[in-house]
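To keep things clear, I will list the structure first and then write my remarks on it.
Everything numeric here is computed off the predicted structure, so don't read it as measured data. First the proteins, then the strands, lettered A, B, ... as listed; each starts at 1. Basis for what follows: all heavy atoms, side chains included, without hydrogens, waters or symmetry-related copies.
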Number of protein chains: 2
Amino acid sequence: MEIQQQFEQFLSQRGMKHTNERREIFRAILDMDAPFDVDKLLFYLKQQGEKTSKATIYRTLQLLLESGLLRTISLSPAAARDTLYSLCGKYRAYDHLVCTGCGKVRDIEKQQICLSCQTITKELGYKLESHSLRIFALCPECQAKGIKTC
Amino acid sequence: MEIQQQFEQFLSQRGMKHTNERREIFRAILDMDAPFDVDKLLFYLKQQGEKTSKATIYRTLQLLLESGLLRTISLSPAAARDTLYSLCGKYRAYDHLVCTGCGKVRDIEKQQICLSCQTITKELGYKLESHSLRIFALCPECQAKGIKTC
DNA sequence: ACTTATAATGAGAACGAGTCTCAATTGCAG
DNA sequence: CTGCAATTGAGACTCGTTCTCATTATAAGT
């Protein structure tokens with residue numbers, strides 16, 4: 001099924017209305033080419049001539065999180081600010097590689113991580129739900145530029 | 001070396017003063033028995049009769065982060081709020097197991113994760129700095145209570 | 001199509017975690 | 001002991017996010 005239709009279906013299941021705003025916000029999210037933050041989304045929508053309000057953006061993001069189509073990435077261990085969102089249908093991976101030089105985020109998908117999580121939880125008697133791995137590393141470009149991190 | 005002395009040494013190295021407030025805040029952090037948030041720390045200090053201001057708490061936490069004695073944990077994928085802090089000398093692990101039932105956090109330390117991170121970054125030409133793994137799972141107690149997560 | 005009930009929206013007020021300001025206080029070198 | 005620079009406390013401020021409520025839009029029933 002198309003991802004747009006999954007969203008429509010989710011709205012129907014909840015008895016929620018299929019509004020223009022929700023469609024436009026979701027379309028904009030599909031256009032994002034990397035994990036994005038609210039500011040980026042707001043700016044993009046304004047650029048497209050949409051005058052969707054901040055409140056509706058936040059409300060729709062919340063909906064998408066609940067639908068499981070979208071997920072958040074907590075980035076730096078220092079800043080709890082500036083949450084990034086990532087579309088699950090587009091970016092399968094729940095794990096991220098963060099460049100400590102330029103801040104660029106890319107997705108990674110490694111079966112071995114999942115296996116480790118399974119082992120760890122089983123050993124401790126926990127029931128695994130999900131996991132999230134963030135690796136902080138310097139990307140090749142930043143290394144070439146001679147950027148060092150404090 | 002005692003961890004208290006490491007902090008004192010760090011202050012000296014920076015030419016900073018050894019104040020009562022800094023000592024008391026650090027003592028309170030040592031008393032915390034799990035990763036804690038600012039509210040918990042504030043409450044504990046008040047309980048102890050300290051009237052340290054919010055601003056000083058935040059300033060000292062920042063100092064401790066810079067010293068490398070303390071680190072932050074970004075917890076839930078949903079809430080970017082309520083940053084947790086964890087003492088490095090006390091809790092060695094940088095990886096955490098979060099119960100999706102009661103929210104309890106425990107530290108885990110698995111060499112296999114480190115190895116995976118090394119492999120992944122090497123493959124992509126990145127230079128590994130650090131990583132942070134969060135596993136979300138239901139703890140044995142919550143399973144026994146029949147708690148299910150949405 | 002036309003109503004009607006009700007969900008959703010927009011604008012801006014409110015909230016709250018964290019930061020900043022600046023006058024008062026404290027640590028410490030001399 | 002003194003003087004001065006670093007530190008502190010109290011509260012103002014910031015800014016991302018949420019809430020409020022009057023207005024608007026959707027969809028079910030006629």
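As a whole-Å value, the separation of A:Leu11 CG from C:dA8 C1' is 11 Å. To the nearest angstrom, P of D:dA25 lies 14 Å from CZ of A:Arg23. Rounded to whole angstrom, the span from the CG atom of B:Leu42 across to the P atom of C:dA17 amounts to 10 Å. Following rounding to the nearest Å, A:Glu50 (CD) and C:dA8 (C1') show an atom-to-atom distance of 16 Å. In this entry the distance linking CD of B:Gln62 with P of C:dA17 reads 18 Å, nearest Å. Distance B:Asp39 CG to C:dG18 C1': 12 Å, rounded to the nearest Å. Separating the CD1 atom of A:Ile57 from the C1' atom of D:dG16 is a distance of 14 Å, rounded to the nearest angstrom. A straight line from CD of B:Glu21 to C1' of D:dA6 spans 12 Å, rounded to a whole angstrom.
Under 4.0 angstrom from either OP1 or OP2 of C:dT9 there lies no side-chain N or O belonging to A:Thr52. Between B:Arg22 and D:dT8 there is a side-chain polar atom (N or O) within less than 4.0 angstrom of OP1 or OP2. Side-chain N/O atoms of B:Thr56 include one lying less than 4.0 angstrom from OP1 or OP2 on D:dG9. Proximity of A:Tyr58 to the phosphate of D:dT18: no side-chain N or O atom is located under 4.0 Å from OP1 or OP2.
B:Phe43 and B:Leu41 fall into different hydrophobic clusters, defined by Ile, Leu, Val, Met, Phe, Trp and Tyr side-chain heavy atoms under 4.5 Å apart, directly or through other members. Residues A:Leu30 and A:Leu45 share a single hydrophobic cluster, defined by chaining ILVMFWY side chains whose heavy atoms lie under 4.5 Å apart. Hydrophobic clustering places B:Phe36 together with B:Tyr58 (ILVMFWY residues linked when any side-chain heavy atoms are closer than 4.5 Å, directly or through intermediates).
To the nearest 0.5 Å, atoms CD1 (B:Ile25) and CG (B:Leu61) are separated by 7.0 Å.
At a cut-off of 3.5 angstrom, the base of C:dG18 holds no donor-acceptor pair with the side chain of B:Arg59.
The side-chain hydrogen bond (donor to acceptor under 3.5 Å, both in side chains) test with A:Glu8 is passed by exactly one of A:His18, A:Gln13, A:Arg22: A:His18.
Side-chain contact between B:Tyr126 and A:Leu138 is absent, with no heavy-atom pair separated by less than 4.5 Å. Residues A:Leu11 and A:Leu63 are in side-chain contact: their nearest non-hydrogen atoms beyond the backbone lie under 4.5 Å apart.
Between the two ends of the helix from C:dA1-D:dT30 to C:dG30-D:dC1, each summarised by a five-pair axis, the helix axis turns through 30° (rounded to 10 degrees).
Distance from the side chain of A:Lys17 is smallest for C:dT6 among the nucleotides C:dA11, C:dT6, D:dA5.
The residue among B:Thr19 and B:Ala55 whose nearest nucleotide of DNA chain C is located toward the 5' end is B:Ala55. With DNA chain C read from its 5' end, the first of the two nearest nucleotides for A:Gly15 and B:Lys54 is the one closest to A:Gly15.
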